[in-house]
Amino acid sequence: MIQGVIFDLDGVLVSTDELHYAAWKRLADREGIYFDRTINDRLRGVSRMASLEIILERAARAYSEDEKQEMAAFKNGLYVDLLDGLTPEDILPGVTETLDGLAARGVKAAVGSSSKNAKKILEKTGLLDRFDAVADGTDITRSKPDPEVFLCAAKKLGVEPALCAVVEDAEAGIEAAKAGDMTAFAVGDARKSPRADRRLNDIRELLALWN
Ligand code: B16
Ligand code: MG
């Protein structure tokens, strides 16, 4: 039986995906690079620098390493400013009830996010105290689809990976969960992933596992 649930952050707990999109769009427009929401879906769960490389696939010229660092910093500055506006109202529907339900069933909960801004997001939304452990972009060297962040979360929870479930909105995250020998629950965009073990229309459906 599953003893620990590891939640992705962006697109699962909080809709920061819209803020990532707005910040990347500003950068792409500044550089005259085509960028749309379909390309943005490929950035879900992917690290900042890997996201930039995906955006640069449409660029008309090559960029130097220094230019790439500047672009990533520019985007992150915009994104961090947007995070200042986050409140508990930005928690996605069903998340609070799901966390309450897990706690009532004695199931541990963690965050497993590629973001280096995860703690700020959890603080601004009041979610930080709701988790037994947080593993994020500051804990890892390899981003999803590598399982490192989920294995780190499982270790912090003290639960064997095989007894952990992951809830993800990104293909890269589903792949990471499976590479880590965990059960992968897909929400949102990740429901089209063939590798997901289960697909949820509503995150609260997760609680049926323990009924
Ligand atoms: P940062 P997740 C991911 O968060 C986002 O989905 C992805 O779009 C972003 O590039 C990545 O975090 C890194 O974020 O630039 O804030 O360090 O879905 O793994 O919670
Ligand atoms: Mg995500």
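For this chain, numbers begin at 1 and follow the sequence in order. All values below come from the heavy atoms of this structure, side chains included, with hydrogens, waters and symmetry mates left out. Whatever order the structure lists them in is the order used to number ligands and atoms, beginning at 1.
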Legend entry - Gap between atom CD of Glu168 and atom CG of Asp189 - 0.5 Å precision: 10.5 Å
Legend entry - Results of side chain to side chain contact (heavy atoms under 4.5 Å, CB included) for Asp197 - residues two or more places apart only: Lys178, Thr183, Ala184
Legend entry - Stepwise side-chain contact (heavy atoms from CB on, under 4.5 Å) test for Phe7 and Val166: CA-CA 6 Å; Phe7 293 87; Val166 165; over 6 Å; no
Legend entry - Total protein N/O/S atoms whose distance from the Mg ion (ligand 2) is less than 2.8 Å: 3
Inset, instruction - Could you please provide the protein residues found below 4.0 Å of ligand 1 on a heavy-atom basis, arranged by chain and number? - result: Asp8, Leu9, Asp10, His20, Leu43, Arg44, Gly45, Val46, Ser47, Arg48, Ser51, Tyr79, Ser113, Ser114, Ser115, Lys116, Asn117, Lys144
Inset, instruction - Using the salt bridge (Lys or Arg N to Asp or Glu O under 4.0 Å) rule, collect all pairs that involve residues 150-161, keeping only residues at least two apart or in two chains. - result: Asp139-Lys156
Inset, instruction - State whether Phe74 and Arg30 meet the cation-pi test: NZ (Lys) or CZ (Arg) under 6.0 Å from the six-membered ring centroid, and within 45° of the perpendicular axis. - result: yes
Inset, instruction - Assess Arg199 against Phe185: is NZ or CZ under 6.0 Å from the centre of the six-membered ring, and within 45 degrees of the ring's axis? - result: no
Inset, instruction - Inspect the surroundings of CZ in Arg198 and state if more than 12 heavy atoms from other residues, nucleotides or ligands are less than 6.0 Å away. - result: no
Inset, instruction - Report, as yes or no, whether the 6.0 Å neighbourhood of atom CZ on Arg26 holds more than 12 heavy atoms from other residues, nucleotides or ligands. - result: no
Inset, instruction - Scan side-chain atoms only and decide if Asp10 and Thr16 contain a donor-acceptor pair under the 3.5 Å cut-off. - result: yes
